[in-house]
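Dropping the structure in here first, questions after.
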Amino acid sequence: MSKRTPVKRTEQDDEEHPSEHTGDGEHPSDRGDSGSPTDEQPSDPGVETGAESVVAGLENAGVEYMFGVTGGAIMPVYDALYEHEQITHITMAHEQGAAHAADAYGIVSGRPGVCMATSGPGATNLVTGIADANMDSDPLVALTGQVPRDFVGNDAFQETDTIGVTKPVTKYNIFSDDETTVGDDIGTAWALANEGRQGPTLVDLPKDVTQAETDSQPAEPSTPDSYDPPTAAEDVMVAAAAETLAAAERPLVLAGGGVIKGEATEELKTVAREHEIPVVTTMPGTGAFPQTDPLSQGIAGMHGTGYANLAISNCDVMLAVGTRFDDRLTGDIATFAPDAEIIHIDIDPAEISKNVEADYPLVGDAGVVMKQLLRAMPGTPPAETWREQCQAWQEEYPLDYEAPEDEPLKPEYIVESFDEVTPDDTIVAAGVGQHQMWAWQYWTFTEPRTWVTSHGLGTMGYAVPAAVGAKLAAPDREVVAFDGDGSFLMTAQELTVAAREDLDITIVVLNNEAVGMVRQWQDGFYGGRHMASEYSWAPQFDKVAEAFGAKGLRAETYEGLDATIQEARGYDGPAVIDAVIDPTENVYPMVPSGGDNARFALNADQLEGL
Amino acid sequence: MSRGELPGPAPEDRMQPEGRRNSQGIRIDPETEAEHPPERAVLSALVTHEPGVLAEISGLFSRRQFNIESLTVGPTVDDSLARMTIVIEEPRPGVDQAKKQLEKRIPVISVRELDTDAVQRELVIVKVNGDHPDQVNAITDMYNGQTLDAGPRTVTVELTGNQQKIDDAIDAYRQFGIRELVRTGYAALARGEAPTAQVSQPNQAPTDAQVATEEISDD
Ligand SMILES: Cc1ncc(C[n+]2csc(CCOP(=O)(O)OP(=O)(O)O)c2C)c(N)n1
């Protein structure tokens, strides 16, 4: 299989994975050839081993893709996959890439992505991606091989206490120690990742369990009886919240990632539009409300827009939906919406009053509770002056930049150029750093599940594998990833997967020859001492791309930029643009960490003065 | 000079809100409001009786920096369930948060914070120097304790009670020289008809069967 050119997917492969897969749990195996019953399909033998039970459990859940890297302890499961055509396994270069790809698949499709690795180093390599999913409540199932049960605890070859290591970063994990129930454990893990507040789960699979003989067919995926996520909020509290919101003079909606995860964007639009309430989104909430809507008040937090942060600081009632009030959003808690009564809708009771006290805690499903709230609204807030104020802030604090032709490329310009020529439902992935902030600030997001990045953990290296997972989840949509040179260097090897799988994605490395975000902090807070933040040498990323089997392009000047963008987009397969940008460009506005949101800095002097 | 600078009024020229929040995110009047003082809370949690649950719960408390005073765990009448009694010291919002974080873990079936009048007991075993056995016995009697082992050099006694009683007793034994001691931490049940933490709805009265099997002792 050693090939220097990308292996093209065959016609037949394409038929097996119809892009119009409905995603409602229906098996894509219903691909009406002869309509013959299953007993005639030799590719679907009954369960004979624990490993086959694992695969049957995944099939029950309607899993289409898995992302992984094989190895000793997980080999029985891989072997069982050999015969099963419903599931396509994407062999990644590194387990971290497998976890991020599965994570992005989960974000875009709304259903758990599945990643798999062997014991020991395979499992520990997954951990970054699992922790990332945990911070962002992304639905993810991780399967790890483990040494045989008799060896556990003896420091056997490639033994790691995977359960112990991943307990703090999973919603649920289980050491699956019985071949007759191992398939059920897969279903439980899948269902728990999917239901309630989504999150990562892990099943640790000792090799002797997956090798053992069993004919036990796993049950359909289901959560334990004791798991009962709330749906509707208490009516009394809803009524009180509605009354307060209806009387607000300076109302604001703060939409978090939970609105998207909870499929509640329509309800959000109705609340905002029916009652003319401006909407600010958090970084994970980006796309929950169209940024083209007149009520959109932008993105909030450390590098959010000035007008969003001022709206947060000065509102008198905040309807916060599906947000956990992360410190990158709130800044100093003392000054976070300090005049506001807070109505907090969240499916996780533990998020209520964790960081910011909720005056009206509404525990439940975002969409259901917003409908309750809509029904209970006694009127519409008298907020005309406030809306004018919000509008005035938008005019006072625009995101803006200059792009003189004779200077190096501005990253903001590149982001906007892409946005202009791509369809609205384009998926934008990003790594972590300045480039991520520019992508976030300068792209106009209008749809949910189009912004795919690492929010809570801030994991450099997320973009390339995420683009792989995103494309497989949405094969008909365009995928553009903005990456930094530093982030790209962490996971660039996953390009080989994009090439092998012939994935039509575009990666733009906004190359400032530095880990720019750190350099910016050094300029702002460390006297300009650029310790370990500048690269004295780095490869040419277009050449790296070519070596991995992708199309490599360069952009160094404004002249020809549009043509390069079109060439990358037009290329049928993965393309990488090494875009050499102005290395002195910094990200503003900026609220220094722990600062007051209303006192965001617009330039270096203001940053120093804070 | 760095680039990327943006137009707009400077920080001091912007609309500024008047209020403030305290470190717990609660809106306050900075003139009058003090922070919540820490309080002692007894949480009872019914959990599935399987390996790793104790590690999961103790890990949860340590990584979220809840101040834990004691944690005990043991089986219940139902073999598949174990009961944990956790005593924490936290400001009220911290206690509430600890309960919710506990409830969120999948192996946790139910959690209840016990009232201050709950039946709470701790066991201590103290080994003191055996030079004055009669005096040691007198103190043991006074605290309704029992002598478990007495030899020429050491006397080992057992006491149960609430924290205050045990602290007092330990103080009293100090004069003989305490060689070693071990305390179990609290075990607790709600008083009377009130449920502790149950499989059914936390607020429901216990069924007759539960009352019969899970003897609620009152003292
Ligand atoms: C895995 C990881 N290591 C370190 C960091 C700390 N960090 C945050 S942003 C950043 C710079 C990122 O550089 P690059 O990817 O080149 O993006 P740029 O900021 O230059 O756009 C670093 C090192 C991180 N977030 N993640």
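For clarity, every value in this text was computed on a predicted model and none was experimentally measured. Lettering of chains follows the sequences in order, A, B, ..., and the numbering in each one begins at 1.
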TODO: Run the numbers on A:F525 and A:W521 for ring-ring contact (aromatic ring centres under 6.0 Å, His included), then give the verdict.
DONE: CA-CA 6 Å; A:F525 315 116; A:W521 282 47; 5.6 Å; yes

Task: Among the listed options B:R21, B:Q101, B:K100, the residue most often paired with chain A at heavy-atom distances under 4.5 Å - done: B:R21

Task: Side chain / backbone / both / neither for B:A55 at chain A, heavy atoms under 4.5 Å - done: neither

Task: Region of A:Q606 that comes under 4.5 Å of a non-hydrogen atom in chain B - done: side chain

Open item on the list: So, applying side-chain hydrogen bond (donor to acceptor under 3.5 Å, both in side chains) with A:S176, which one of A:T181, A:D185, A:D204 is it?
Closed with: A:D185

- [ ] Mind running ring-ring contact (aromatic ring centres under 6.0 Å, His included) on A:Y588 and A:H303 for me, showing each step along the way?
- [x] CA-CA 6 Å; A:Y588 292 103; A:H303 290 296; 8.0 Å; no

TODO: Among the options A:D605, A:L192, A:I333, A:T223, pick out the one with the most heavy-atom pairs lying under 4.5 Å from chain B.
DONE: A:I333

Task: When B:S23, B:P17, B:G59, B:G52 are compared by non-hydrogen pairs under 4.5 Å with chain A, the top option - done: B:P17

Task: Residue part contacting chain B, namely of A:L399, when any heavy atom lies under 4.5 Å - done: both

Task: Heavy atoms from other residues, nucleotides or ligands near CD of B:E39 exceed 12 (cutoff 6.0 Å) - done: yes

TODO: Could you tell me which of A:Y401, A:F336, A:F325 has the largest number of non-hydrogen atom pairs under 4.5 Å with chain B?
DONE: A:F336

Open item on the list: Just checking A:Y397 against A:F600, ring centres under 6.0 Å apart?
Closed with: yes

Task: Between A:Y360 and A:T244, a side-chain donor and acceptor under 3.5 Å - done: yes

Open item on the list: Please rank A:K171, A:E412, A:E341 by heavy-atom pairs under 4.5 Å with chain B and give me the top one.
Closed with: A:E341

- [ ] Using only heavy-atom distances, determine whether the side chains of A:H530 and A:D523 contain a donor-acceptor pair under 3.5 Å.
- [x] yes

Open item on the list: Under 4.5 Å from any heavy atom of chain B, what part of A:P229 do you find: side chain, backbone, both or neither?
Closed with: neither

Open item on the list: Looking at A:Y172, I'd like to know if the NZ or CZ of A:R197 sits under 6.0 Å from its six-membered ring centre while staying within 45 degrees of the ring's axis.
Closed with: no

- [ ] Name the option with the most non-hydrogen atom pairs under 4.5 Å to chain B; the candidates are A:A340, A:C315, A:A601.
- [x] A:A340

Task: Part of A:D596 lying under 4.5 Å from any heavy atom of chain B - done: side chain

TODO: Identify which part of A:Y227 has an atom lying under 4.5 Å from any heavy atom of chain B, answering side chain, backbone, both or neither.
DONE: side chain

Open item on the list: Let's test your reading of the structure: which of A:Q389, A:E407, A:M590, A:E395 forms the most heavy-atom pairs below 4.5 Å with chain B?
Closed with: A:E407

Open item on the list: Is A:D316 in contact with chain B via its backbone, its side chain, both, or neither, using a 4.5 Å heavy-atom distance?
Closed with: neither

TODO: Assert yes or no for the condition that the ring centre distance of B:F61 to B:F66 is strictly below 6.0 Å.
DONE: yes

TODO: Heavy-atom pairs under 4.5 Å with chain A are the metric here; pick the option from B:G8, B:A10, B:P11 that has the most.
DONE: B:P11

TODO: Count the heavy atoms belonging to other residues, nucleotides or ligands that lie under 6.0 Å from CD of B:E12, then report whether that count exceeds 12.
DONE: yes

Task: A:D225 versus chain B, the contacting section by heavy-atom distance below 4.5 Å - done: neither

Task: Which of A:I352, A:V356, A:D339, A:D332 touches chain B most, by non-hydrogen pairs under 4.5 Å - done: A:D339

- [ ] Please check if any side-chain donor atom of B:D78 sits under 3.5 Å from a side-chain acceptor atom of B:S80, or the reverse.
- [x] yes

Task: Part of A:D400 lying under 4.5 Å from any heavy atom of chain B - done: both

Task: Interchain contact, A:P398 with chain B, by part (heavy-atom threshold 4.5 Å) - done: both

Open item on the list: Side chains of B:E122 and B:N162: any donor to acceptor distance under 3.5 Å?
Closed with: no

TODO: Could you look at A:W438 and say if it's the side chain, the backbone, both or neither that has a heavy atom under 4.5 Å from chain B?
DONE: neither

Open item on the list: Does any backbone or side-chain atom of B:P93 lie under 4.5 Å from a heavy atom of chain A? Answer side chain, backbone, both or neither.
Closed with: neither

- [ ] Could you tell me whether the side chains of B:Q24 and A:E357 share a donor-acceptor contact shorter than 3.5 Å?
- [x] no

Task: Per-residue contact mode, B:Q97 against chain A (heavy atom under 4.5 angstrom) - done: side chain

